[in-house]
Amino acid sequence: MIESMNNAQVKRIIKLKRNSRFRRQEKVFIAEGFKMAAEGLVHGLVQAMYVAESAGEEYFSKLSHTIGKENIEWVSDAVFRQLSDTAAPQGVLVVIRMPEYEREKILAGEGAALVCLEDIQDPGNLGTIMRTAEGAGMNGVVLSKGCVDLFNPKVVRSTMGSLYRMPYYITESMSTEVEFLRRQGFQIAAARLDAELDYTLADYRGRTGLLIGNEAKGLRLETAEKANVGVKIPMEGQLESLNAAVSAALLMYEVHRQRGHKK
């Protein structure tokens with residue numbers, strides 16, 4: 001059992017929790033809780049598992065048969081609390097290999113639909129968008145390099161497992177990516193406060209990309225202007241804008257509606 005914060009594995013987990021560059025170098029991230037651990041095992045992505053001493057043998061046995069005991073470490077409750085990123089840890093933490101996807105495969109298909117995120121900063125928003133993208137049947141999520149790290153523990157938790165299943169890729173420049181997507185036959189709709197077209201009136205039945213911008217600043221002007229069309233979400237009262245995840249959800253489910261609930 002690991003009982004010291006000076007343990008090399010403990011130090012590695014803490015670094016993975018805090019340092020996005022280290023996560024990218026190692027090509028792994030951490031996820032907590034029974035659901036995230038179980039789904040990671042189903043997808044064959046778990047590199048190692050850490051179980052708190054108080055988690056209980058019955059609870060632990062539900063997971064252990066799929067990974068092999070040599071890849072499982074028991075951890076004292078005191079140490080586990082330091083490893084955990086949650087207020088009420090469930091007692092299971094896993095190190096997960098980052099899923100990898102090819103852009104060409106994500107974009108394949110006549111009806112491919114993407115949600116393109118430029119500089120989203122809130123972990124909860126990004127996690128919720130990933131989760132909603134799966135529910136709405138999107139083919140992939142495109143992230144600008146200015147977005148919050150997809151493997152930030154708060155983002156991972158917010159995805160509720162969709163991170164294991166929702167294809168994604170990261171682009172250096174969303175403006176350049178929009179140009180590329182248009183050359184591939186995608187119609188790009190940018191969510192803009194100054195747009196005149198109601199979002200339900202745009203046509204999303206062909207190859208589609210939805211552009212969602214930063215929570216505070218929206219889309220960069222150079223990116224928004226390269227879209228085929230700007231769309232707005234009508235708002236009553238004195239609101240200036242909607243939450244980025246809410247806006248993305250409305251647009252993605254309009255794509256879903258127009259396609260007759262088919263991917």
Side-chain angles (χ1 to χ4, degrees), residues 99-120 125-147 150 159 162-163 165-214 218-235 241-263:
E100 297 182 353
Y101 302 94
E102 297 179 14
R103 181 171 71 167
E104 291 74 16
K105 291 184 178 179
I106 294 175
L107 305 186
E110 294 183 3
L114 310 171
V115 57
C116 305
L117 308 177
E118 186 172 57
D119 302 346
I120 295 294
N125 279 338
L126 181 53
T128 299
I129 292 170
M130 289 289 290
R131 185 180 176 188
T132 308
E134 180 183 12
M138 304 297 283
N139 293 84
V141 177
V142 185
L143 304 103
S144 73
K145 68 175 182 179
C147 285
L150 182 58
T159 68
S162 289
L163 183 57
R165 301 178 295 270
M166 191 67 226
Y168 72 92
Y169 66 90
I170 299 170
T171 181
E172 288 290 312
S173 166
M174 188 58 75
S175 174
T176 302
E177 191 64 23
V178 169
E179 292 180 330
F180 170 79
L181 290 172
R182 289 190 62 174
R183 290 196 299 271
Q184 304 304 307
F186 281 81
Q187 298 294 306
I188 308 298
R192 302 182 61 168
L193 293 175
D194 60 353
E196 295 184 1
L197 184 67
D198 187 291
Y199 79 103
T200 62
L201 300 179
D203 186 350
Y204 307 111
R205 291 172 295 178
R207 306 187 91 197
T208 296
L210 306 173
L211 267 176
I212 305 293
N214 175 268
L219 291 164
R220 296 174 186 264
L221 184 59
E222 63 178 12
T223 303
E225 289 183 340
K226 290 179 180 176
N228 297 87
V229 63
V231 296
K232 68 175 181 180
I233 298 170
M235 289 177 288
S241 64
L242 293 176
N243 173 277
V246 172
S247 297
L250 287 169
L251 291 172
M252 287 189 281
Y253 270 95
E254 178 59 21
V255 174
H256 187 263
R257 185 191 70 81
Q258 289 191 15
R259 294 175 178 211
H261 312 297
K262 293 180 181 180
K263 195 168 182 177

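Hydrogens, waters and symmetry mates play no part in the numbers below; they use all other heavy atoms, side chains included. This chain uses plain numbering: 1 for the first residue, then up along the sequence.
Counting only heavy atoms from C-beta outward, the side chains of L242 and L250 approach each other to under 4.5 Å. Residues T132 and Y253 have side chains in contact (heavy-atom distance under 4.5 Å, counting atoms from C-beta outward). With a 4.5 Å cut-off on side-chain heavy atoms, L143 and M174 do not count as touching. Contact check for M138 versus M166: side-chain heavy atoms found under the 4.5 Å cut-off. Taking the side chain as every heavy atom from C-beta outward, R220 and S175 never approach each other to under 4.5 Å. The closest side-chain heavy-atom distance from V142 to L117 is not below 4.5 Å. With a 4.5 Å cut-off on side-chain heavy atoms, E118 and N214 do not count as touching. Side-chain contact between V141 and L114 is absent, with no heavy-atom pair separated by less than 4.5 Å.
What you find for I120 and I212 is that their closest heavy atoms are CD1-CG2, 4.3 Å. Residues D119 and G146 come closest through the heavy atom pair OD1-CA, 3.4 Å. The minimum heavy-atom distance linking I129 with A244 is given by the pair CD1-O, 4.2 Å. Shortest non-hydrogen contact noted between A112 and L107 is CB-O, 3.7 Å. Across all their heavy atoms, K232 and E196 have their closest contact at CE-O, 3.5 Å. Across E134 and S162, no two heavy atoms sit closer than the pair OE1-OG, 2.5 Å.
Annotation: the span from E222 atom CD to T176 atom OG1 amounts to 7.5 Å, rounded to 0.5 Å. Taking CG of L163 as the reference point, atom CG of L150 lies at 5.0 Å (rounded to 0.5 Å). Interatomic distance, CD1 of I233 versus CG of D198, reported as 9.0 Å (0.5 Å rounding).
Within the structure, the salt bridge (Lys or Arg N to Asp or Glu O under 4.0 Å) test picks out the following pairs touching residues 174-185 (sequence neighbours left out): R103-E177, E179-K226.
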Working for side-chain contact (heavy atoms from CB on, under 4.5 Å), residues Q258 and D203: CA-CA 8 Å; Q258 289 191 15; D203 186 350; 3.9 Å; yes
Worked verdict on C116 versus L181 for side-chain contact (heavy atoms from CB on, under 4.5 Å): CA-CA 11 Å; C116 305; L181 290 172; 4.0 Å; yes
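Surrounding CZ of R165 are more than 12 heavy atoms belonging to other residues, nucleotides or ligands, all under 6.0 Å away.
Proximity of the aromatic rings of Y101 and Y169 is defined here by a centroid distance below 6.0 angstrom, and this criterion is not met.
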Per-pair distances, 0.1 Å, donor-acceptor, side chain in residues 186-194, under 3.5 Å, sequence neighbours excluded:
residue: Q187; atom: OE1; partner: N228; partner atom: ND2; Å: 3.4
residue: R192; atom: NE; partner: D194; partner atom: OD1; Å: 3.0
residue: R192; atom: NH2; partner: D194; partner atom: OD2; Å: 3.1

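Between the side chain of R259 and the main chain of Y204, a donor-acceptor pair closer than 3.5 Å is present.
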